[in-house]
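Just below is one structure, and these are the notes that go with it.
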Amino acid sequence: MSFVRSYQLRLSRRHALGRAVIKRRQLTVVNNQTKLIAPKDILVFSTLRNERVRLPYFLQYYREKGVDHFLMVDNDSTDGSAEYLAAQPDVSLWTTSKSYRKARFGVDWLNWLQLRYGHGHWCLTVDPDEFFIYPFCDTRPMQALTDWLDSSDLKSFGAMLLDLYPKGPLNDQPYAEGQDPFEIASWFDAGNYSIRFNPREWNLWIQGGPRQRMFFADDPASAPALNKIPLVKWNRRYAYTSSTHMLLPRGLNITYDNLGGEKASGMLLHAKFLNTFADKAQEELERGQHYAGSQEYKAYAAGSTRNPDLWCRWSEKYINWRQLEVLGLMSKGNWA
Amino acid sequence: MTVGIVMLVHTHFERAEQMARHWAAGGCPVVIHVDKSSKGAAADAFIAALSDEPQVRFSRRHTCGWGTWGIVAATQDACQLMLDEFEEVRHVMTTSGTCMPLRPVADLRRYLMERPTTDFIESATTADVPWTVGGLSEERFTLRFPFSWKSQRKLFDSYVELQRRMGLRRRIPRGIVPHMGSQWWCLTRRTLSAILQDPDRSVYDRYFKKVWIPDESYFQTLSRLYSERIESRSLTLSKFDFQGKPHIFYDDHLQLLRRSDCFVARKVWHRADKLYQTFLGPEGATASGAEPNPGKIDRIFSKAVERRTRGRPGLYMQSRFPRETLENGVTASRYAVIEGFGDLFEDFEDWLRRATQARVHGHIFAPERAEFENRQATYAGALSDDPELRDYQGRMFLTNLIWNTRGERQCFQYSPRDSQVVSWDIAKDPNAQINVISGAWAVPLFQSNANFADLRIEAARLQRIEADHLEALRSPYAKAHIRIWTMAEFVEAPMEALQAVVDACASREGAQRLTDVPRMVNLAGFGQFLQNLKNQGMHPYLMGDFPVDPVPKNRRQQPRKPYLVR
């Protein structure tokens, strides 16, 4: 039966790639600077909508980590995000007003850009509120990590999504453009995550954190997935199938060891819970463009307040990657 | 007299050039071998750039695949060129383009000057070394390896298997005993020229061409034939990870490398600017004259290998998700599970906390909520007390709790009234210390005011659940430390069981002697209660043979004062 399963997955990979090729027509180029991409450059892929206030810090953060070029899709922003990005020297920008949901939450668009420009590069696929950290990220640039992954014959690198939140209601500390969001949202849940193995695509399915604790207590199974594989040495035959939670071929999803050892892994610090959250949730709810019929945003809206406090007395304050490694949320693996 | 540097380069030429100039400036002649497969402008520019250095030569180029003869051939040619061209060379050291001297070149020269006849080459017989990638040790020398391990793995493996099946073995040339060791060595002119000019060299070369990873055995074996004095260690600090590839040094290893007092380190990341600036810069590395001492680096890298292969016991996370039975510890540390005691004693939880100073929880799998210590709504790691969240993946709730509180002994109560999601998990966990009084769940029923018909149904349900749980505890898969008393046994000799519970909860063994004992509930009439259940057709058996009236009538008449167990 295993070859039947393999063939099914092969079909769904071809399907995903086919969609990507078709959906490329939805993208209008605003500023294509991909000629600047050098052979070993690290690329960031991102789609966004109305994230103007976050962009300066986002770009600065990844430039400092060693990212060479950004390939971004603007989904009909009205707050000047597109204009800001079009003026950046290292950003290639496409725009579309088509449905985010019908493009499978942006995956089709990015799969196309990765297919076209990512082949042979280390590609990091993140949202504008996701900040990638990895072992030794305070002393080693991202090229050190990708060189090490290359020398270890690893093609993908896992980084679980970690929701950070402020202490007190979200609106109490407004976020200013250019600011490090983790000055405000500096708390996280250290040890309430549950993991399940997905026998079809071989990835782990991780849930938990403040969102499950606060909004999904009645229906834990619907809580958002936190497993992510954002960093991949791209090949034009690869395709993300569900956000960056999993991709095909499925061997790329094995970013964990199942014999008792620890592989190296990173984290995506998620700066979703700022004062911008309530408006965003409202807007997304009205557009109905998010995952599983915006169930996630409905759950937030159903929460007693639009201005929740996610903090509890066992919340942990974020310091650095070493703290996360000691807590067992990420691992150095055999990188030393 | 000086030391000649043979440098094998295949990439990062700008760094190799920097390194070559550094060695040359220190008075060491350098012979560089550029991998034949490194074609293109970069390699040519590198060769051209170094043409102004009188102390630098380039040797005949070979193709150097990993674990192939090419590396040996390249080393042979480069060494020959070194010995021919530079009369003043007494030692020859092999390095790569990514090796970095950690001590001044003069320091190395002085060190070798003081040991003019010593060959520094790691060289051990196959039986004595643990580093064998691919499960081949002695067979490296007795089988043939015409296929590449890296690019033709299937052919490689099947040809090895074929030779094993057919019992094909190669003869090892007369007079040599295979030895293995690091390819980064430092040999004297005497030993090296003896190897290169050996009349039987063609025999040895032919033999080693088909040995697997000859660069780790050719010189290591032949130097045993000629050397006066072998120091079986490498002057090059080179650590390997579990896949047999070298660990890489970065800027943040600076202090560690400095203190190691090693002469040369491999391999340095080509963009570790701070390391290059420090060790090749004007003030350079500090001369210490000390013996190399890589102990601390050794520890860090062996810890990395340990983490990669065994991991942290009891941790389940995004990059460690062991299959069942391969966990290397289901949970992170020991904990106690107490069943039945809470039903038999008043305020048992408080008493246990006083007696042990452990983290004593209530029924953390209770149907209403997880009863954490002091009934907090969240607990360590922001675990929620919500029963649905807990039961969504009960096993992970338990492993999370134990992981989050590692360093403290956790005790919690468990009963058939609770969610049974972890019944098997605790039974199979060697870290669990489970103390059970079976049948004690009947005591709250006995004390309650409910309809006897309802009680009878409830008793049947609880007994069924507990029977299943006890089956898990008694199964051959159970690995926990388990003690089970029936209620009848317990009432006979309660002190023993109480002491066992306190020992299980206290983190220090045997430290706690019982001084204050908890108060048992009044059991007068309990035997009759059980008899009533029996009379209704429900057969309570998990309590053991509880006498209908446990108090002998001829001794005490009046209801006793609530008794202390002694």
Side-chain angles (χ1 to χ4, degrees), chain A residues 136 138-141 143-144 147-148 151-153 158-160 188-197 204 206-210 212-213 216-221 223 226-228 255-265 267 312-316 327-336, chain B residues 239 241-243 245-248 250-253 269-272 297 300-301 303-323 326-329 332 376-384 386-393 395-397 400-401 403-405:
Chain A
F136 306 101
D138 46 0
T139 51
R140 302 177 193 173
Q143 278 80 8
D147 280 0
W148 179 78
S151 72
S152 309
D153 293 326
M160 184 180 112
F188 63 95
D189 285 12
N192 57 9
Y193 301 93
S194 62
I195 308 176
R196 202 163 276 193
F197 170 68
L204 297 183
I206 307 178
Q207 294 171 298
Q212 191 184 49
R213 172 164 62 82
F216 290 90
D218 300 335
D219 185 12
L226 304 175
N227 49 297
K228 291 228 168 192
T255 54
Y256 53 91
D257 189 299
N258 59 10
L259 305 174
E262 292 175 30
K263 283 191 181 177
S265 53
M267 291 247 92
C312 74
R313 65 165 291 227
W314 291 96
S315 295
E316 200 83 34
L327 288 170
L329 288 164
M330 60 186 269
S331 177
K332 292 184 280 191
N334 56 326
W335 202 28
Chain B
K239 304 299 299 173
D241 74 0
F242 79 118
Q243 292 169 313
K245 72 185 167 51
H247 279 297
I248 302 167
Y250 300 90
D251 283 347
D252 46 73
H253 290 122
W269 188 45
H270 68 106
R271 285 183 49 184
I297 294 186
I300 285 184
F301 287 117
K303 254 169 100 176
V305 172
E306 166 98 11
R307 190 166 49 232
R308 178 64 187 83
T309 52
R310 290 179 63 74
R312 288 171 275 183
L315 173 64
Y316 300 81
M317 46 93 79
Q318 54 167 334
S319 55
R320 180 182 201 266
F321 196 63
R323 284 199 292 247
L326 297 176
E327 298 98 340
N328 171 27
Q376 302 173 66
T378 52
Y379 198 63
L383 279 175
S384 166
D386 186 283
E388 282 196 57
L389 285 178
R390 177 196 65 201
D391 294 346
Y392 177 51
Q393 287 197 42
R395 178 187 153 102
M396 284 227 58
F397 175 85
N400 276 337
L401 174 68
W403 171 261
N404 293 342
T405 56

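Throughout, protein chains are lettered first and strands after them, A, B, ... in sequence-line order, and every chain is numbered starting at 1.
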Non-hydrogen side-chain atoms of B:Arg312 and A:Ser331 separated by less than 4.5 Å = yes

Is any side-chain heavy atom of A:Lys263 closer than 4.5 Å to a side-chain heavy atom of B:Arg308?
->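 A:Lys263 vs B:Arg308: side chains touch.
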
For [X] against [Y], the heavy-atom pair lying closest together:
{"X": "B:Ile248", "Y": "A:Ser151", "value": "CD1-OG, 4.2 Å"}
{"X": "A:Ala336", "Y": "B:Ile300", "value": "CB-CG2, 4.1 Å"}
{"X": "B:Leu315", "Y": "A:Gly328", "value": "CD1-O, 3.5 Å"}
{"X": "B:Arg320", "Y": "A:Gly261", "value": "CG-O, 3.3 Å"}
{"X": "A:Ser194", "Y": "B:Gln393", "value": "OG-NE2, 3.6 Å"}
{"X": "A:Gly333", "Y": "B:Arg307", "value": "O-NE, 2.9 Å"}

For chain A, which of [options] has the most heavy-atom pairs under 4.5 Å?
{"options": "B:Arg395, B:Lys245, B:His247", "value": "B:Lys245"}
{"options": "B:Asp251, B:Asp391, B:Leu326", "value": "B:Leu326"}
{"options": "B:Trp403, B:Tyr379, B:Phe397", "value": "B:Tyr379"}
{"options": "B:Gln318, B:Arg271, B:Glu327, B:Arg323", "value": "B:Gln318"}
{"options": "B:Gly311, B:Pro313, B:Ser319", "value": "B:Ser319"}
{"options": "B:Thr309, B:Val305, B:Asn328", "value": "B:Thr309"}

Is it the side chain or the backbone of B:Met396 that comes within 4.5 Å of chain A heavy atoms, both, or neither?
-> side chain

Proximity breakdown for B:Glu306 and chain A, heavy-atom pairs closer than 4.5 Å =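 For B:Glu306, there is no contact with chain A at all, as no heavy atom is under 4.5 Å.
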
Output the option from [options] having the highest count of non-hydrogen pairs under 4.5 Å with chain B.
{"options": "A:Gly158, A:Ala221, A:Pro210, A:Ala190", "value": "A:Ala221"}
{"options": "A:Asp138, A:Thr139, A:Leu329", "value": "A:Thr139"}
{"options": "A:Pro141, A:Ser152, A:Gly209, A:Ala159", "value": "A:Ser152"}
{"options": "A:Ile195, A:Asp257, A:Asp189, A:Asn192", "value": "A:Ile195"}
{"options": "A:Lys228, A:Gln143, A:Arg313", "value": "A:Gln143"}

Step through the shown structure and confirm whether more than 12 heavy atoms of other residues, nucleotides or ligands are within 6.0 Å of CZ on B:Arg310.
->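 No - once you tally the heavy atoms of other residues, nucleotides and ligands closer than 6.0 Å, there are 12 at most.
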
Report which part of [X] has an atom under 4.5 Å of a heavy atom belonging to chain B: side chain, backbone, both, or neither.
{"X": "A:Leu259", "answer": "both"}
{"X": "A:Leu204", "answer": "side chain"}
{"X": "A:Asn227", "answer": "neither"}

Residues in salt bridge (charged side-chain N to carboxylate O under 4.0 Å, His left out) contact with B:Asp252, at least two apart in sequence or another chain =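 By the salt bridge (charged side-chain N to carboxylate O under 4.0 Å, His left out) rule, B:Asp252 matches A:Arg140.
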
Partner set under ring-ring contact (aromatic ring centres under 6.0 Å, His included) for A:Trp335, not counting sequence neighbours |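 For A:Trp335, the residues satisfying ring-ring contact (aromatic ring centres under 6.0 Å, His included) (neighbours in sequence not counted) are A:Phe136, A:Trp148, B:Tyr250.
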
For B:Tyr392 and A:Gln207, does a side-chain donor sit closer than 3.5 Å to a side-chain acceptor?
->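 Yes, side-chain donor-acceptor contact under 3.5 Å.
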
